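First comes the structure, then the notes that go with it.
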2 protein chains.
Amino acid sequence: MSYHHGDLRSALLAASFELLAEGGLAKFSVAAVARRLGVSSAAPYRHFPDRAHLLSAVSAVAARDLRAAILADPAGGLLAVAGAYVRSVVRTGAGFPVIFAAELYAVPDDERREHTRALISTLLELAPGPTHTEAFRQVEATIAVAQGYVTLYCEGFFDSRSVPVDDLVARAVEAARALTQPGRTPQGTA
Amino acid sequence: MSYHHGDLRSALLAASFELLAEGGLAKFSVAAVARRLGVSSAAPYRHFPDRAHLLSAVSAVAARDLRAAILADPAGGLLAVAGAYVRSVVRTGAGFPVIFAAELYAVPDDERREHTRALISTLLELAPGPTHTEAFRQVEATIAVAQGYVTLYCEGFFDSRSVPVDDLVARAVEAARALTQPGRTPQGTA
DNA sequence: GTCTATAGAACGATAGAC
DNA sequence: GTCTATCGTTCTATAGAC
């Protein structure tokens with residue numbers, strides 16, 4: 001080992017996203033990240049005090065980038081949320097289950113908290129409303145269907161070779177469109 | 001240790017579901033299952049040759065029970081699929097990501113394959129169609145939204161104390177209703 | 001059919017050399 | 001700031017006693 005990197009911190013984050021995209025949180029480990037970069041397993045601990053803080057930094061970047069992707073999507077509104085979510089998360093492996101991972105709740109990282117707050121705020125602004133509660137439900141449903149497609153895709157339920165990401169995005173957007181289409185009657189489960 | 005069980009095999013399956021419901025696949029391990037039952041970590045290997053075969057048996061039971069729950073749901077059709085899926089999977093922890101886990105693909109277990117085949121078959125029969133392809137897409141979307149709600153719920157995105165399972169089920173069913181409502185125009189993403 | 005004991009691997013994290 | 005080396009833990013799986 002003789003790796004001298006200019007910015008190991010950034011490299012660790014990039015490698016973390018690679019690992020997450022390939023195998024999800026299950027395959028993520030500090031050791032694996034270090035291995036991928038050709039540095040010792042101790043090196044990451046110079047930049048992050050422990051595994052949780054590394055994941056927290058990953059969460060912050062994921063939240064920031066996801067928000068940016070949503071705002072840049074020409075579809076706009078919740079359709080942009082669904083489309084950008086599926087496309088981003090399939091690529092980075094870091095969707096809500098990583099961004100809001102339970103193991104991060106107790107990690108005091110102001111930067112992460114600021115980025116996740118901004119993300120949620122943006123999501124709510126993109127929902128048509130009319131009430132705050134209703135907007136929240138619309139965001140919920142949109143993220144749920146997008147995350148659902150991502151989960152099934154990443155777990156191999158779709159044949160990833162025969163279903164390109166673009167098709168997956170299209171299906172999620174189509175589902176999101178149906179979810180918020182006006183004229184339907186939201187009533188009980190009976 | 002002095003545990004003599006009449007049917008350790010069944011107990012191992014039950015304990016596996018408990019673990020999955022509490023912590024998902026991440027917290028599942030043969031050792032943890034044994035620990036929960038108060039038996040030695042070697043005991044499970046008398047009933048299952050390895051971890052993959054234990055999980056395969058879990059998958060078979062999950063597929064069978066999920067199919068039964070769907071068929072027993074008075075809502076019928078894809079609404080029953082969404083409702084029963086959310087309710088069952090929140091309780092058992094074993095949804096599609098477990099039933100069709102990638103690590104099971106190479107495990108030759110005829111019983112599991114038969115149960116999963118029957119499940120898929122039932123799902124397709126419940127979709128309104130009209131074409132086979134369209135039915136498949138409808139099932140996909142329904143499972144995606146149901147799995148999405150489950151994922152967000154289990155990852156703690158919802159406050160599990162303030163959102164009872166019944167509410168979660170209701171929201172998923174409502175979303176599924178929107179997904180298959182007639183009159184909408186399935187077109188491209190533009 | 002369950003136990004004790006153990007081998008071997010992966011991981012989180014730390015100490016100390018450089 | 002990275003390395004080597006190491007400790008303690010958890011896990012999968014096997015061997016052998018009972």
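Source: prediction; values computed, not measured. Quick note on labels: first sequence line is chain A, next is B, and so on, each numbered from 1.
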Pair A:Q138, A:T142: side-chain N/O donor-acceptor within cut-off below 3.5 Å: no
Salt-bridge criterion met for A:D7 and A:R9 (N-O under 4.0 Å): no
For atom CG of A:L19 and atom P of C:dA10, their distance in whole Å: 15 Å
Heavy atoms of other groups near B:F136 CZ, more than 12 under 6.0 Å: no
Contact letters for nucleotides 11-18 of chain C, in which S counts primed atoms plus P, OP1 and OP2 and B counts the base, heavy atoms under 4.0 Å: SSBB----
Side-chain ion pair, B:E103 and B:R51, N-O less than 4.0 Å: yes
Sidechain N-carboxylate O distance under 4.0 Å for B:E174, B:R177: yes
Rounded distance (Å) that lies between atom P of D:dT12 and atom CD of B:E103: 10 Å
Plane angle bin for A:F96 and A:Y85 - parallel if under 30°, tilted between 30 and 60°, otherwise perpendicular: perpendicular
Interatomic distance where CZ belongs to A:F48 and C1' belongs to D:dT2 [whole Å]: 15 Å
Distance in angstrom units between A:D7 CG and D:dT2 P, rounded: 9 Å
Whole-Å distance separating the CG atom of B:L37 from the P atom of C:dG1: 16 Å
